[in-house]
Amino acid sequence: MQNILALIYSSEFDEKNYDTLCKIRPDYMLPFGCRYRIIDFTLSNITNHNISNVILYGGEPLRSTLDHVSDGRNWELNRRNGGLMINPPVYNRSRLANEIETYYNTMKNFRINKCEYIYITNPMYISKVNISDAYDQMIDKDLDALIFTQNKTDEYGYYLNRRIINTDENEDPVSVGINLGLEEEIKLFTGSLLIKKDIFMDLIRYSIEKNNATNILDALFKYPKKKSIGLYKSKESLSVIMDTLTYFESSLKLLDREYFEEIFYEQGMVYTKSKDEPSTEYLKGSKVRNSLVANGAIIEGEIENSIIFRGVKVKKGAVIKNSIIFQNSEIGEGAILNHVITDKDTKVFEDVKLFGNRTHPYLTDKGEYIK
């Protein structure tokens, strides 16, 4: 779909929600599923639907984004025409710009691009949504904008404080709201929007002039000119990551084989930066149950209900349960970890015991030594 320009922007990121996990990386660069990053799912889904014009609005610090994504080669986005552009963080009077200000400050990108439609997506909404089907619906109905939603019954409050779309008696969208748990069924905004480029540019200018919106959804509904807006109701599995808790839960959800196969293999593969490492070595006495273990690891101890990234060493007698162990970490002999997230290059010395819980996992810093 060469007629679409894709914008990837994590518009709801707040570093304080992630404790220490996002001190050295933006949220979309969090490691996920043994050897991937969260951004891999969005980039893969976009390219699996033949969109080759992509702008990734990078977050701070930018180094990890440049290292992992680079020129987009692993997603076949290193093209002479179009391809991937990484836009550095935009500032407005010494503060980080909001979504509307960011788009306005990069307006030249849209003026010179020959596409007629813009697909805006938040990578923290992990889903293999069918962009091609949504585009066909937009063309068939001659819509100016198409908002991606899912109907949800949220009895456990998983989507509290998430944005929802309010509709009239004809199921046409009329406003954007916040889920306060008052309705039995909600139309959850799933992080994506298709919009005509001309409309997009006009409403960005209008929002800046009136100073009446900070995000694209609010700007769309406050734009006064007549417009036709539709809803695309997707049914694919969805994980929304907004803080440490939802990151932890979404990661451990991958231990469900049915969900794992759906999110990684159905409707196109998920691609990532390739690294050549040897197969994982399971030494005598090791035990692994219901876990994901990446290549390059050396396992002597016991692992259960956990996710182990590349190059991790688990020494003899160590026990890891309900935990996420990032790349190149080392867990010493006799150490016990339960509900723990270790950042990259963490070293836990012998007989150390680390415990968190499901809602507040114990976190380590990158390269931390724990004795």
Side-chain angles (χ1 to χ4, degrees), residues 1-9 11 42 45-57 77 81-85 87 90 98-123 125 127 129-150 163 165-168 170-176 187 189-210 212-234:
M1 292 188 289
Q2 301 304 311
N3 203 24
I4 295 178
L5 169 64
L7 310 182
I8 304 173
Y9 184 61
S11 57
T42 297
N45 196 48
I46 284 172
T47 55
N48 285 336
H49 286 277
N50 297 315
I51 299 174
S52 59
N53 262 311
V54 182
I55 299 175
L56 168 59
Y57 286 93
L77 289 171
N81 296 313
L84 174 70
M85 183 183 83
N87 200 92
V90 175
N98 61 43
E99 184 177 10
I100 296 299
E101 292 168 339
T102 297
Y103 297 149
Y104 180 75
N105 279 281
T106 56
M107 194 69 82
K108 180 182 177 181
N109 296 327
F110 315 127
R111 286 198 299 268
I112 65 177
N113 198 291
K114 295 180 180 179
C115 72
E116 297 181 22
Y117 294 87
I118 290 181
Y119 173 65
I120 304 168
T121 187
N122 187 331
Y125 291 73
S127 179
V129 66
N130 192 330
I131 308 171
S132 301
D133 186 53
Y135 176 73
D136 290 341
Q137 178 179 317
M138 191 166 182
I139 298 298
D140 291 342
K141 296 183 177 180
D142 192 26
L143 297 172
D144 294 317
L146 188 65
I147 303 170
F148 290 63
T149 64
Q150 281 193 10
R163 286 185 287 179
I165 305 301
N166 299 311
T167 56
D168 60 19
N170 298 318
E171 291 291 292
D172 292 325
V174 293
S175 66
V176 57
K187 291 179 174 61
F189 173 60
T190 58
S192 297
L193 171 72
L194 255 175
I195 186 170
K196 289 181 178 178
K197 186 179 77 169
D198 292 343
I199 298 291
F200 170 78
M201 294 176 68
D202 280 347
L203 70 85
I204 294 297
R205 294 189 193 99
Y206 178 82
S207 298
I208 290 294
E209 184 176 278
K210 299 299 182 182
N212 66 351
T214 60
N215 64 74
I216 191 65
L217 268 188
D218 283 343
L220 178 62
F221 285 106
K222 291 178 179 178
Y223 183 58
K225 293 185 180 179
K226 186 177 179 180
K227 55 194 177 296
S228 56
I229 305 174
L231 297 181
Y232 181 75
K233 300 176 182 179
S234 62

With a 6.0 Å cut-off (strictly less than), is the heavy-atom count around OH of Y206, excluding the residue itself, greater than 12? yes
Side-chain contact test, heavy atoms from C-beta onward, threshold under 4.5 Å: evaluate it for P173 versus I229 and give yes or no. yes
With heavy-atom distances below 4.5 Å as the criterion, would you say the side chains of N87 and N109 are in contact? yes
Polar side-chain atom of N215 near backbone of E99 as donor-acceptor pair, under 3.5 Å: no
Mark yes or no for whether D218, through its side chain, and V176, through its backbone, hold a donor-acceptor pair below 3.5 Å. no
Considering residues, nucleotides and ligands other than N81, do more than 12 of their heavy atoms fall under 6.0 Å from its CG? no
Donor-acceptor contact present, side-chain N170 to main-chain D172, <3.5 Å: no
My understanding is that only residues two or more places apart in sequence, or in another chain, count here; which of them pass salt bridge (charged side-chain N to carboxylate O under 4.0 Å, His left out) with K222? none
S228 versus L143, closest heavy-atom pair with distance: OG-CA, 3.4 Å
Does the side chain of Y57 come under 3.5 Å of the side chain of T106 through a donor N or O and an acceptor N or O? yes
Would you say T190's side chain and F148's backbone share a donor-acceptor pair under 3.5 angstrom? yes
Looking at A6 and I51, what are the two nearest heavy atoms and their distance? CB-CG2, 4.0 Å
Residues N166, F221; criterion side-chain contact (heavy atoms from CB on, under 4.5 Å); working and verdict: CA-CA 11 Å; N166 299 311; F221 285 106; over 6 Å; no
Non-hydrogen side-chain atoms of K227 and K196 separated by less than 4.5 Å: no
Scan side-chain atoms only and decide if Y232 and N130 contain a donor-acceptor pair under the 3.5 Å cut-off. no
Verify, without hydrogens or angle tests, whether Q137 (side chain) and L231 (backbone) share a donor-acceptor contact under 3.5 angstrom. yes
